[in-house]
Amino acid sequence: MMWDEKFETMSTDEMQAFQLAKLQETVSWVYEKIPFYTKKFDELGIKPGDVKELSDLGKLPFTVKHDLRDNYPFGLCAVPMKEVVRVHASSGTTGKPITGPYTADDLNQWTECMARNLTAAGVTSEDIVQNSYGLGLFTGGLGFQQGAERIGCAIIPASSGMTERQITLMKDFGTTVLFATPSYALTIAEKAKDLGVDLRELPVRIGVFGAEPWTMEMRREIEERIGIKAHEAFGLTELMGPGVAFDCSAQDGYLHINEDHVLAEIIDPVTEEVLPLGEKGELIFTAIQRRAMPMIRYRTRDITELKRETCSCGRTLLKMKKVLGRSDDMLIISGVNVFPSQIESILLDVPEVEPQYVLIIRKKGYLDALSVDVEARPEVYDLGEEKLHDVEKEIQSKIRGIIGIGVKVRCVPPKSIERSEGKAKRVFDARKM
Ligand code: ADP
Ligand code: ZN
């Protein structure tokens, strides 16, 4: 099922002609309305008229996160406040938050993108949707809310937290679709089990999860525990929020990009050179339809690769590989680059432990050392120290075998790791504490 067949199945030629027209409009718009871009373009000697074909995108300057921070809160807003109808902000875990202002039309576009995302996940107007993303400043909550409203679902705006109540709602209201971060979905599943509720016997049939990296193994785990098909949403505050990209019935580890709204490129993060389709690097987005805060070549720091093909689902929209980490999350342990998701994949294949873990980086002499704390399953924990020691050794050797680094693994007691209600924090850098 598709929400907007015209754009979702458009031929590449037609799509690229559309993109060029929108890009040209946007470049003129930012040059005229946002002094930050006027200055950047002038410094590079670029005029809006220089964008004659899509490949001219490569001539334009990048925008980076600290540009948004430097211009906090509304320095990059292209319209007067009377045209702004909503302002969101990102969690701002590192420093000042990022603000995202929207015009009425920007909100409408975002809603359409989310409606595509949810329709691709199989959500219809018949569904009773429980929205367990935090409702508020975070784009996740309202983004999903609007998309489901556009489709005509019955929505329960539960927001995140009060997990016991989430389960009561699922039971009493007959929730058929759950929206949450993957880590919160896991928290809900665990709480249900503790309360003696088998979610697999409830009407819930689909989950749409996103806002944080999660591995295919985590997807499988959540699907099994809740008895659902788990789908995905990807996005960022700087671009609109969720709905930038979404997975489809193919579930092949790729997401379709709403490329009539955002142009995607991959660059080498060091040389800043644009890489061809299929090569891995940093994802860059240009928002070509937004008016309050368009973005020119925004450096997401997310690592992925692009692929163009007609998907088995029928969509022609450009595909990006599921994001398993940002360059900020990359750990360098004994000279080896490690993403937390690689450790997650390994842990989730060990039956003796729960999918609850944290990674701790410490200084060991001149080197960085990584410790992995993972919760033992209660029945395994009860078997005592010797058994736990065996499990720890097994995980250590798996990590060494697959990633090639030595880590210290500790099986910690059940429920000792803090549960997530939103974006999970799983990496702790003791060097900075
Ligand atoms: P913050 O930067 O404070 O986390 P956002 O909520 O805007 O604020 O987060 C956007 C980022 O979240 C993306 O750049 C990406 O790293 C991550 N993200 C969002 N959705 C997904 C997803 N489905 N898979 C992996 N990462 C995701
Ligand atoms: Zn598809």
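We count ligands from 1, going down the list as the structure has it; atoms in each ligand are counted the same way. The shown structure was predicted, so the numbers you read here are calculated from the model rather than taken from an experiment.
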Look only at interatomic distance and state if Gly210 has a nitrogen or oxygen under 3.5 Å from any nitrogen or oxygen of ligand 1.
no

Does the distance from a Lys or Arg side-chain N to an Asp or Glu carboxylate O, for Asp329 and Arg426, drop under 4.0 Å?
no

Check Lys423 against ligand 1 and report side chain, backbone, both or neither, counting heavy atoms closer than 4.0 Å.
side chain

Ligand 1 atoms in contact with Val323 (distance to a heavy atom under 4.0 Å)
24 (N), 25 (C)

Please list every donor-acceptor pair under 3.5 Å in which a side-chain atom of residues 143-151 meets a protein atom from a residue at least two apart or in another chain.
from   : atom 1 : to     : atom 2 : distance (Å)
Gln145 : OE1    : Asn131 : ND2    : 3.0
Gln146 : OE1    : Arg86  : NH1    : 3.0
Gln146 : OE1    : Arg86  : NH2    : 3.1
Gln146 : NE2    : Thr111 : OG1    : 3.1
Arg150 : NH1    : Asn108 : OD1    : 2.8
Arg150 : NH1    : Glu112 : OE2    : 2.6
Arg150 : NH2    : Asn108 : OD1    : 3.0

What residues, two or more places apart in sequence or in another chain, satisfy side chain to side chain donor-acceptor pair (under 3.5 Å) together with Trp29?
none

Nitrogen or oxygen of Thr237 less than 3.5 angstrom from that of ligand 1:
yes

With a 6.0 Å cut-off on the ring centroids, do His88 and Tyr102 count as close?
yes

Quick check: do Met114 and Met240 have side-chain heavy atoms less than 4.5 Å from each other?
no

Is any side-chain heavy atom of Lys415 closer than 4.5 Å to one of Glu190?
yes

Near Ala233, which atoms of ligand 1 are under 4.0 Å from a heavy atom of that residue?
20 (N), 22 (C), 23 (N)

Are any of the side-chain nitrogens in Arg362 or Asp368 under 4.0 Å away from the carboxylate oxygens of its partner?
no

Residue and atom, protein N/O/S, under 2.8 Å of the Zn ion (ligand 2):
Cys248 SG, His256 NE2, Cys311 SG, Cys313 SG

Need the ligand 1 atom indices (1-based, order shown) with element for anything under 4.0 Å from a heavy-atom of Ser90.
3 (O), 8 (O)

Exercise answer: donor-acceptor pairs, residues 333-340 side-chain atoms, under 3.5 Å, sequence neighbours excluded:
none

Is there a heavy atom in Lys65 that sits closer than 4.0 Å to ligand 1?
yes

Would you call the rings of Trp214 and Phe209 parallel, tilted or perpendicular, taking 30° and 60° as the class edges?
perpendicular

Quick one: look at Pro242 and ligand 1, take heavy-atom pairs under 4.0 Å, and tell me if it's side chain, backbone, both or neither.
neither

Is there a nitrogen or oxygen of Glu232 sitting under 3.5 Å from a nitrogen or oxygen of ligand 1?
yes

Any side-chain heavy-atom pair of Val84 and Phe74 under 4.5 Å:
no

Are Asp260 and Arg116 ion-paired here, with the side-chain N under 4.0 Å from a carboxylate O?
yes

Relative to ligand 1, is Asp302 under 4.0 angstrom through side chain, backbone, both or neither, heavy atoms considered?
side chain

By number and element, which atoms of ligand 1 are closer than 4.0 Å to a non-hydrogen atom of Leu236?
7 (O), 10 (C), 14 (O)

Are any of the side-chain heavy atoms of Val51 and Leu60 separated by less than 4.5 Å?
yes

I'd like the name of whichever of Lys322, Glu212, Arg326 reaches closest to atom 2 (O) of ligand 1 through any heavy atom.
Arg326

